[in-house]
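What follows is a set of notes on a single structure, which appears directly below.
Given the structure is predicted, the values throughout are model-derived calculations rather than measurements. Sequence lines set the chain letters: A, B, ... in the order given, protein chains first and strands last, and positions in each chain run from 1.
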Number of protein chains: 2
Amino acid sequence: MPRSHQRRAPLYHPEPEEIDLLDVLHALADPTRMTIVRTLWAEPERACGTFPVDVAPSTLSHHFKVLRESGVIRQRGEANRRLNELRREELQQRFPGVLDAILAAAAGPAGPGPVAQED
Amino acid sequence: MPRSHQRRAPLYHPEPEEIDLLDVLHALADPTRMTIVRTLWAEPERACGTFPVDVAPSTLSHHFKVLRESGVIRQRGEANRRLNELRREELQQRFPGVLDAILAAAAGPAGPGPVAQED
DNA sequence: CACCCCATTCGATGAATGTCGAACATCGCT
DNA sequence: AGCGATGTTCGACATTCATCGAATGGGGTG
């Protein structure tokens with residue numbers, strides 16, 4: 001069969017200057033994706049299957065794709081896992097204060113605590 | 001018939017504490033609505049028909065409803081016009097910095113200028 | 001009153017979206 | 001090689017959504 005160590009399709013990540021604000025807002029305007037982002041906010045790096053969300057694996061994969069292609073997270077393939085991290089610095093550079101303010105607001109006045117899913 | 005100022009259904013506006021962050025983000029994640037909000041950001045009060053957007057009146061009405069019911073704007077019936085304004089202070093109270101950061105980011109590094117529609 | 005203006009409401013419609021199950025791919029381990 | 005764990009891709013399906021045209025309503029003015 002074809003060349004074996006082709007990392008599947010290289011994951012698309014928008015360049016910092018290509019990141020669209022409305023795409024970011026749209027990506028964050030979903031409960032499941034917000035839970036993912038809040039979890040990454042509290043913990044820098046996590047594999048896909050380790051988030052406190054209750055959806056099918058295929059659905060989860062879809063949400064990660066939306067977050068990645070909007071520029072909110074970065075994904076890299078670590079072995080058979082996939083590690084996710086927020087693109088905090090790049091977003092801060094491009095849209096100063098936006099991610100901070102949104103995540104602070106999502107955390108609520110109680111401050112950053114354990115992420116609870118609110119479906 | 002004392003007062004002739006009975007305007008049919010009273011427009012629904014969520015209380016400050018009822019405003020949902022994801023609803024706000026969803027409301028802002030649309031080009032037409034973002035243009036409306038940016039225009040209101042630059043000018044405090046405006047009638048529905050005076051925004052630099054190119055959609056049918058019925059579509060415009062729909063967008064104003066989304067913005068109002070999400071808590072982003074307040075609408076009040078002034079005669080046969082309808083005046084719109086941002087709920088800046090209330091949003092600042094509930095989600096500190098969110099609206100400011102988003103609108104600053106939407107304005108771009110060039111600073112607040114004339115709102116240009118980007119469809 | 002008749003007319004015009006502004007905005008809303010009501011379908012309808014096509015596109016986008018969130019969800020799932022099944023099948024596939026890749027890696028690590030036995 | 002075989003197997004299990006982890007994610008992705010591929011339809012499929014139902015819902016949401018942005019958009020429009022036509023009809024409606026309320027207010028002011030001639």
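- Within residues 62-75 of chain B, the residues having any heavy atom closer than 4.0 Å to DNA chain C are, in order of number, B/Gln75.
- Taking atom CG of residue A/Leu22 and atom C1' of nucleotide C/dT17, one finds them 17 Å apart after rounding to whole Å.
- If you measure from atom CG of A/Leu60 to atom C1' of C/dG21, you get 15 Å, rounded to the nearest angstrom.
- A side-chain contact (heavy atoms from CB on, under 4.5 Å) with B/Ile36 is found for exactly one of B/Ile73, B/Asn84, B/Leu60, namely B/Leu60.
- Comment: B/Glu85 does not engage B/Arg46 in a salt bridge, judged by the lack of any side-chain N to carboxylate O separation of less than 4.0 angstrom.
- Rounding to whole angstrom units, NE2 of residue A/His26 and P of D/dT16 are separated by 14 Å.
- In this structure, the nucleotide among C/dT19, D/dA22, D/dT8 sitting nearest to the side chain of A/Val55 is C/dT19.
- OP1 or OP2 of C/dG18 has at least one side-chain nitrogen or oxygen of A/Arg33 nearer than 4.0 Å.
- Look at CG on A/Asp23: it is 14 Å from C1' on C/dT17, rounded to the nearest Å.
- Straight-line distance from the CG atom of B/Asn80 to the P atom of D/dG26: 13 Å, rounded to whole Å.
- B/Asn84 places its CG atom 11 Å from the C1' atom of C/dA7, with the value rounded to the nearest Å.
- Taking only side-chain nitrogens and oxygens, B/Arg82 never comes nearer than 4.0 Å to OP1 or OP2 of D/dG26.
- The neighbour count for A/Gln93 CD, taken as heavy atoms of other residues, nucleotides or ligands under 6.0 Å away, does not exceed 12.
- Sequence neighbours left out, not one pair with a member in residues 76-105 of chain B passes ring-ring contact (aromatic ring centres under 6.0 Å, His included).
- At D/dT8, one or more side-chain N or O atoms of A/Ser61 fall inside 4.0 Å of OP1 or OP2 (strictly under the cut-off).
- In the set D/dC10, C/dT9, D/dA18, D/dA18 carries the atom at the smallest distance from any side-chain atom of B/Asp30.
- Which of C/dT9, C/dA7, D/dG7 sits closest to the side chain of B/Cys48 comes down to C/dA7.
- The two atoms that bring B/Ile19 and B/Gly71 nearest to each other are CD1-O, 3.9 Å, heavy atoms only.
- Going from atom CG of A/Leu83 over to atom C1' of D/dT6 covers 12 Å, rounded to whole Å.
- The existence of a salt bridge linking A/Glu45 and A/Arg76 is confirmed by a sub-4.0 Å separation between a basic side-chain nitrogen and an acidic carboxylate oxygen.
- Pairs of residues two or more places apart, or lying in two chains, that qualify as ring-ring contact (aromatic ring centres under 6.0 Å, His included) and include a residue from residues 36-91 of chain B are B/Phe51-B/Phe64.
- Distance CZ (A/Arg46) to C1' (D/dT6): 15 Å, rounded to an integer number of Å.
- Using a 4.0 Å cut-off, some side-chain N or O of A/Thr59 falls inside it from OP1 or OP2 of C/dC20.
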